4 protein chains.
Amino acid sequence: MGKKIDIVRTASHLFVTQGFDGTTTAQIAREANVTEPLIFYHFKGKDDLFSYILKTGSDKFFAGLEAHKKDTETEFEKIKNYINFNLRYVGKNPDESFLVISACPAKFADPDHICQKIIKRHKQIIESYLRDCIKEGIKKGEFLNVPIKETVRLISLIVVGLMRQRSFQKKSTAGLNKTTIEFCRRSLLKNP
Amino acid sequence: MGKKIDIVRTASHLFVTQGFDGTTTAQIAREANVTEPLIFYHFKGKDDLFSYILKTGSDKFFAGLEAHKKDTETEFEKIKNYINFNLRYVGKNPDESFLVISACPAKFADPDHICQKIIKRHKQIIESYLRDCIKEGIKKGEFLNVPIKETVRLISLIVVGLMRQRSFQKKSTAGLNKTTIEFCRRSLLKNP
Amino acid sequence: MGKKIDIVRTASHLFVTQGFDGTTTAQIAREANVTEPLIFYHFKGKDDLFSYILKTGSDKFFAGLEAHKKDTETEFEKIKNYINFNLRYVGKNPDESFLVISACPAKFADPDHICQKIIKRHKQIIESYLRDCIKEGIKKGEFLNVPIKETVRLISLIVVGLMRQRSFQKKSTAGLNKTTIEFCRRSLLKNP
Amino acid sequence: MGKKIDIVRTASHLFVTQGFDGTTTAQIAREANVTEPLIFYHFKGKDDLFSYILKTGSDKFFAGLEAHKKDTETEFEKIKNYINFNLRYVGKNPDESFLVISACPAKFADPDHICQKIIKRHKQIIESYLRDCIKEGIKKGEFLNVPIKETVRLISLIVVGLMRQRSFQKKSTAGLNKTTIEFCRRSLLKNP
DNA sequence: GATGAATGAGTGTTCATTCAT
DNA sequence: TATGAATGAACACTCATTCAT
């Protein structure tokens, strides 16, 4: 009964560790203890399986993020919260997380492809979240007068880098996590 | 005559844009205007071609870095120099750079594989370069008393993220570049 | 309730337009608005479904032919009647007709296979019908002294060709029909 | 060296006896004593192999027909010549002939598909040949005043039927051949 | 009578690689 | 150096069919 889930979980893990092209449907079937045709019974094909993982992964992430949002006194608390959420989330869901932040297979490069749409939406939501924090923090006088767009991209890039280390290279990021937050605090706050 | 170079250049580009597994020797041959067996005349196989690119790419990078090293008054100048060098280098050699910093195909996961060795050496050299700067900066009183290992990893991660954007997503990083340096300056220096 | 009939009708049509091997049980199920296992509930398998169609098609054809036989003054009237019946029949039952006259899938080539038996019987009945007409016509002095066996084969071949055009290529054969009868009349009759 | 020809010949024969869908590339390879990938080295795919056979078969047929055309005293001699040529040709090239006259796989139904174009051209050339004979015969007073279009279709249909018997059912058509010509003679000529 | 889930045995096709020249 | 022909092993995917319900 849970065979569809087995397929999804096994595929997610293999796509992360071996890449989409480096993973065969035969291997997914073998490691999920199902027969190969069952993959094609539940999904239109390997591509569709990948898209499905991406979509459900992205949805789950935002559901978690939404539930995690809290009102905080300072804007920096929000950014800190966001970084912490990301790292805790990726710790619990290393595979799905990685696929969304990592580049998807080149063959899905068409911007109209569902994968590109999911990834784009993912980035937009995250960037708009950070942008609001920084804008507000500057307005309130909490933050230095940093260039907004670039700072958003930089923090995004840092968070993605941390997630990548955590999910792909399986390095613990415990100490790194704290260092990063302090690094950002000193760079953003007027009075760190 | 220059056919070996054509193969290497074409392969580098395709490996970056499509991944190792997503690139076929047939495609490399076609786009390099050579026949497929010629690839196997010059290289032992597709794996060997990849390793060759990685090795020469890494060597070239360090040759450039070595030539670029200057004695500067402050340690932060050195870090700034390093960031700038990376971004200028990746602008000129987007393909080779990317392959070294990006994860290599899962099938080369064996730590004894030459690719893993190249990548490991690459990381070590970069990290030791940054570590020296930070250690020295702290000793001199130029930098705050930041945790060394984590800060090195964080800056590495930022630089890799910038290179990734530049080489893979082809985004210009002009503004981002400057913002990043200021971001680091405020975080590292006692008197920014 | 009428689902078995839906399967048979849909399958007949698809077998004619796409061939036996070119038609999948999945497609039959889809276009008949049933689920695939239902086909296997009603028939032993795809082969059995085909045989069933062939058998009922052939039976229906002969029932119609029997009902259509009339006593006519001349033997040529009988042949004309036969040609007309065939074409009218194929107009109303294009699919079943075609399957009987067209060659059946090569995998049923074994002469002991039920399909071969049906097709053989079909040909025999038709040829014996025509043979009787021609024999009698020659004896009566109505027809020229044509070689019987070959003339039967020729007329069979013409009728099958007409049916094929009608059922498969969906060409109207209205004018062709009349021309054919006149063609035969001139060739067969002593005094056309 | 002759392996490409082996593939073509084996495939032609199998397509005729088993149909396009009933023939697997594995079987073609096995019976042609080549490996399967070689088929795909010489042809883009199974479809392309089929189209190639159709095209070369049709071209060869017309080359033969052209070489066979003779000036004859009567128009009926031309038609007789044509029928004889067809049957002699199909005797020597049973496979290619059959594929051109037989319906091609339903999946190539698109009128823009090269197979449809070949088949259409084939029909047109044959019909125009016959049309010219009949038109001229009527004008000369050699033939009865038969309806041209329908008579062309009828004779085409007869010839195709004969070829089909010869090539597919492997029946000898020696006697049938002569009977057919006499049949047509009586039907067409004013003074048979 | 009817179905969702599942599968063994293929299907056309592609791959990196080799060989004879 | 360079290539046209060839291949073993694998690839994503489909097929007719079955089974539990």
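This structure is a prediction, so every number in the text was calculated from the model and none was measured. Within every chain, numbering begins at 1; the chains are lettered A, B, ... in the order of the sequence lines, protein sequences first and strands thereafter.
- Put simply, the side chain of Ser102(D) never gets that close to the backbone of Leu99(D): no donor and acceptor are under 3.5 Å apart.
- Using a 4.0 Å cut-off, no side-chain N or O of Lys4(B) falls inside it from OP1 or OP2 of dA2(F).
- At a threshold of 4.5 Å between non-hydrogen side-chain atoms, the residues Phe43(B) and Lys4(B) count as touching.
- Under the 30°/60° scheme for interplanar angles, the aromatic rings of Phe61(B) and His122(B) are found to be tilted.
- A straight line from CG of Asn33(B) to P of dT3(F) spans 10 Å, rounded to a whole angstrom.
- What separates NZ of Lys107(A) from P of dC11(F) is a distance of 14 Å, to the nearest Å.
- Listed pair Tyr41(D) / dA6(F) fails the phosphate criterion, with no side-chain N or O lying under 4.0 Å from OP1 or OP2.
- Here the side chain of Lys46(B) pairs a donor or acceptor atom with the backbone of Thr23(B) at under 3.5 angstrom.
- A straight line from CZ of Phe50(A) to P of dA12(F) spans 14 Å, rounded to a whole angstrom.
- Lys60(C) contributes no side-chain N or O that, together with a main-chain N or O of Lys55(C), makes up a donor-acceptor pair within less than 3.5 Å.
- The closest side-chain donor-acceptor pair between Thr25(D) and Glu36(D) falls under 3.5 angstrom.
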Task: Protein-to-nucleotide contact annotation, 5' to 3' order, nucleotides 14-21 of chain F [B base; S sugar-phosphate only; - none; under 4.0 Å, heavy atom] - done: BSBBBB--
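- Residue Asp6(A) contributes atom CG, which lies 16 Å from atom C1' of dT7(E) at whole-angstrom precision.
- In this structure, His42(C) reaches the dG1(E) phosphate: one of its side-chain N or O atoms is under 4.0 Å from OP1 or OP2.
- Ser58(B) places no side-chain N or O within 3.5 Å of a backbone atom of Ile118(B) that could act as its donor or acceptor partner.
- In DNA chain F, the stems built from three or more successive Watson-Crick or G-U pairs (distances below 3.5 Å) are E:2-21 with F:2-21.
- What separates CG of Leu38(C) from P of dA2(E) is a distance of 5 Å, to the nearest Å.
- Atoms CG (Asp48(D)) and P (dT13(E)) sit 10 Å apart, rounded to a whole Å.
- By the 30° and 60° cut-offs, the orientation of the rings of Phe50(B) relative to Phe20(B) is perpendicular.
- With rounding to whole Å, Leu49(A) atom CG is found 13 Å from dC13(F) atom C1'.
- Between atom OG1 of residue Thr10(D) and atom CD of residue Gln27(D) there is a gap of 10.0 Å, rounded to the nearest 0.5 Å.
- Comparing Gln27(A) and Val34(D), the nucleotide of DNA chain F nearest to each residue sits closer to the 5' end for Val34(D).
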